[in-house]
Amino acid sequence: MRISEIFRLVYLNLSQNKFKVILTSIGIVVGSATIMLVLAIGMGGRAEVAEQFKNLNAGAIDIAYGGESSFNMKDFMNGEMPDMENLGNEMQQFWGSAGNSGSTRDGDGSSGRGGFPGSGNMMQQFGNMFDGGSSSSGDEVILTTEDCEELELFVSGISDSTISYSSKASLEGGELESATTYTLAGVQSNYAGISNLEMAIGNFLTDKQNDSKEKVCVLGMSVAREIFGSAYEAYDSSVYIDGRPYVVVGVLGAMGTVASGISPDTAVFVPYETGIKYITGPSISPTVTVIAADVNGIGQVMADVETVLADNYEGATFTISDAGTKMEAASASNDTLTWLLISMSVIVFIVGGIGIMNVLFLSVKERTNEIGILKAIGCSRRDILIEFLMEAACISFIGAVIGVLLSLAITPLVELFSVRVELTLSGALLSLLFGVVTGTIFGLQPAYKASRLIPVVALNHE
Amino acid sequence: MIRMKGINKGYMLGEEKLPILKNIDFSVEKGEYVAILGPSGSGKTTLMNIIGCMDEMDSGEYYLDGVAVHETPQDGLTDIRNKKIGFIFQNYQLIPTYNILQNIVMPLLVRGMTYQEAEAACMNTIHLLGLTDRIAHKPSELSGGQKQRVSIARALVGQPAILLADEPTGALDQSSGKDVLKLFRELNEMGNTIVMITHDLEVAKSAKRIVRIVDGQLFEE
């Protein structure tokens with residue numbers, strides 16, 4: 001029999017048993033919807049990770065003075081109790097949150113929060129009241145631009161370096177009714193390039209402005225909007241930082257949430273030397289960021305950096321961390337979650353496939369007489385096998401299509417729970433493919449059974 | 001047309017084999033209308049299944065229209081059923097989900113025709129059997145006599161070597177039964193070879209030749 005005619009018979013059978021087809025395909029509907037959503041959520045997670053790490057340079061290595069543990073005494077003295085869980089483990093997490101909530105010690109390059117210049121440990125800024133004890137040196141070390149130069153000189157494989165620090169500063173001006181505290185970052189001119197920052201308007205800070213300690217600043221997009229209403233209004237205006245006027249020479253493009261370090265949107269950037277002279281004073285704890293020319297050579301560069309620093313600062317402890325490892329870890333974590341969800345989908349598919357198999361077995365039993373008639377008029381085993389397999393494939397395809405449509409309908413509900421969902425055509429095609437393949441595989445045994453029925457037995461089946 | 005020699009067939013009953021057909025010799029010439037008459041359990045249905053290539057014989061030789069059926073593998077029997085035999089069943093054996101036309105064209109579709117070709121090829125037969133205005137109906141919408149006409153139409157469309165009818169009037173009322181037998185005679189007069197199996201002597205009398213089967217053995221009348 002021609003395949004087209006077998007397909008006509010399949011269509012005839014399915015169109016006359018619509019309800020049965022829907023019931024049979026429920027497993028595949030759920031399986032396809034699940035795998036489509038899982039892939040979409042996985043892609044969403046991947047995009048989320050990529051977005052959060054977009055200010056990181058894969059070759060970036062952060063170097064900050066201090067060990068793993070530290071504690072912000074200023075906050076403590078101000079009555080802000082630290083997170084005791086973090087105190088025992090990752091105190092840097094505390095610093096990170098404190099930085100965003102107004103602590104003058106902000107960011108946390110010391111814990112290697114990921115290749116973001118300016119996220120340095122600033123313990124010293126608050127009088128060195130407490131050191132977590134990780135530093136074995138009695139004297140505090142303040143990294144300087146000279147350290148950058150030395151590292152570039154003595155460590156091969158470094159393509160660029162910068163130094164930065166972050167703090168908190170009180171801003172006035174624009175539409176602000178009262179002084180408001182913002183994150184302040186003292187940076188060099190190459191900071192923007194290293195952190196993948198883009199300008200919305202104006203220019204980033206220059207070496208000349210840094211050398212002459214000019215009172216200029218670059219605002220993050222959120223800061224510009226809060227103070228001036230828009231980036232356009234902010235540009236070339238003045239803000240008062242700790243009472244001194246600073247000209248806004250540029251506004252950064254919106255970056256959104258970032259995974260680590262300072263959020264550029266909510267920060268005010270000033271020239272490194274300007275910040276030290278007028279805002280923070282010399283007691284800072286900067287982070288040096290070096291960029292490995294070859295991402296694959298990061299390990300060696302880190303080892304060499306450690307050697308150079310050990311020579312220069314005997315007994316001092318530095319935290320040296322690279323951004324790439326964190327990005328990989330985040331991606332790997334996301335991949336693991338995706339695979340876990342895909343495994344769940346596969347289980348759903350298997351359950352759906354078993355459902356199809358059971359219904360097809362019943363269908364073969366129910367249609368034994370029909371199979372007998374077909375065999376009596378000369379239908380070959382091949383024709384019957386193909387007919388039942390095509391039925392299984394069609395039921396699965398219908399189920400998979402419904403599943404994909406269902407996932408499209410469910411997506412807005414999932415997004416209500418702040419889960420990022422990235423629906424893709426490839427995900428839909430994969431869901432369809434999985435659905436059809438699963439149904440067909442599980443339909444194989446019933447179809448084979450139907451094709452092997454003995455004509456006279458099938459014909460006399462009651 | 002049909003040459004059977006020394007056909008034996010039995011079924012296993014526990015550990016013993018129960019003989020059903022015993023050394024059957026049977027011949028049918030082209031254009032004959034033969035009735036195989038026998039009571040229930042005499043082996044007539046088993047004989048029909050073997051003639052119709054639906055069941056395998058234990059031993060013996062069987063030639064159908066020149067083809068050695070006893071030497072033909074299973075796949076070949078499928079082809080013989082499609083091209084050389086037209087089955088007419090007691091309970092019609094129509095596919096309930098297909099309409100009348102779809103049921104009738106099936107043997108031609110199995111041969112590899114397209115639906116359009118098959119439809120064109122079977123329209124004369126449909127007209128001959130008076131089913132023209134019923135082709136879009138489902139079997140459940142037809143009377144017993146009409147269903148049997150559909151069954152006969154399906155058997156005829158492939159222009160088989162023989163028409164094999166198993167108790168063709170068994171499920172019909174007397175009037176419909178007579179109509180079917182009249183149709184059989186007309187078909188035979190048109191040159192069709194018919195082998196009919198029945199337990200009813202009156203039905204058998206419509207055939208030109210009657211063969212009795214008793215305890216698995218054939219006797220010419």
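What you are looking at is a predicted structure, and each value in this text was computed from that prediction instead of being measured. In what follows, every chain begins at residue 1, and chains take the letters A, B, ... in the order their sequences are listed.
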Visitor: Is it the side chain or the backbone of B:Tyr115 that comes within 4.5 Å of chain A heavy atoms, both, or neither?
Guide: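 Both backbone and side chain.
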Visitor: Between CD1 of A:Ile377 and CZ of B:Phe87, what distance do you get to the nearest 0.5 Å?
Guide: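 Output value for this atom pair is 10.5 Å.
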Visitor: Any heavy-atom pair between the side chains of B:Arg111 and A:Arg2 that's under 4.5 Å?
Guide: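 No. Closest side-chain heavy atoms not under 4.5 Å.
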Visitor: Residues in side-chain hydrogen bond (donor to acceptor under 3.5 Å, both in side chains) with B:Glu56, at least two apart?
Guide: B:Gln74
Visitor: Testing A:Ile373, A:Asn13, A:Leu9 for side-chain contact (heavy atoms from CB on, under 4.5 Å) with B:Ile95, which one passes?
Guide: A:Ile373
Visitor: Between B:Lys84 and chain A, with a heavy-atom cut-off of 4.5 Å, which part of the residue counts as in contact: side chain, backbone, both or neither?
Guide: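 Neither; nothing under 4.5 Å.
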Visitor: Could you tell me which residues satisfy side-chain hydrogen bond (donor to acceptor under 3.5 Å, both in side chains) with A:Asn358, sequence neighbours excluded, listed by chain and number?
Guide: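 side-chain hydrogen bond (donor to acceptor under 3.5 Å, both in side chains) list for A:Asn358, sorted by chain: empty.
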Visitor: Is there a side-chain contact between A:Pro455 and B:Arg81, using heavy atoms and a 4.5 Å cut-off?
Guide: yes
Visitor: Does a side-chain heavy-atom distance below 4.5 Å link B:Lys138 with A:Gln16?
Guide: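 Sidechains of A:Gln16 and B:Lys138: in contact.
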Visitor: Go through the atoms of B:Leu108 and report whether side chain, backbone, both or neither lie under 4.5 Å from a heavy atom of chain A.
Guide: neither
Visitor: At a heavy-atom separation under 4.5 Å, does B:Asn49 approach chain A through its side chain, its backbone, both, or neither?
Guide: side chain
Visitor: Side chain to side chain contact (heavy atoms under 4.5 Å, CB included), that's the test. Do B:Thr78 and A:Lys375 meet it? Break it down for me.
Guide: CA-CA 7 Å; B:Thr78 302; A:Lys375 283 185 169 262; over 6 Å; no
Visitor: So for B:Thr45, is it side chain, backbone, both, or neither that comes closer than 4.5 Å to the heavy atoms of chain A?
Guide: neither
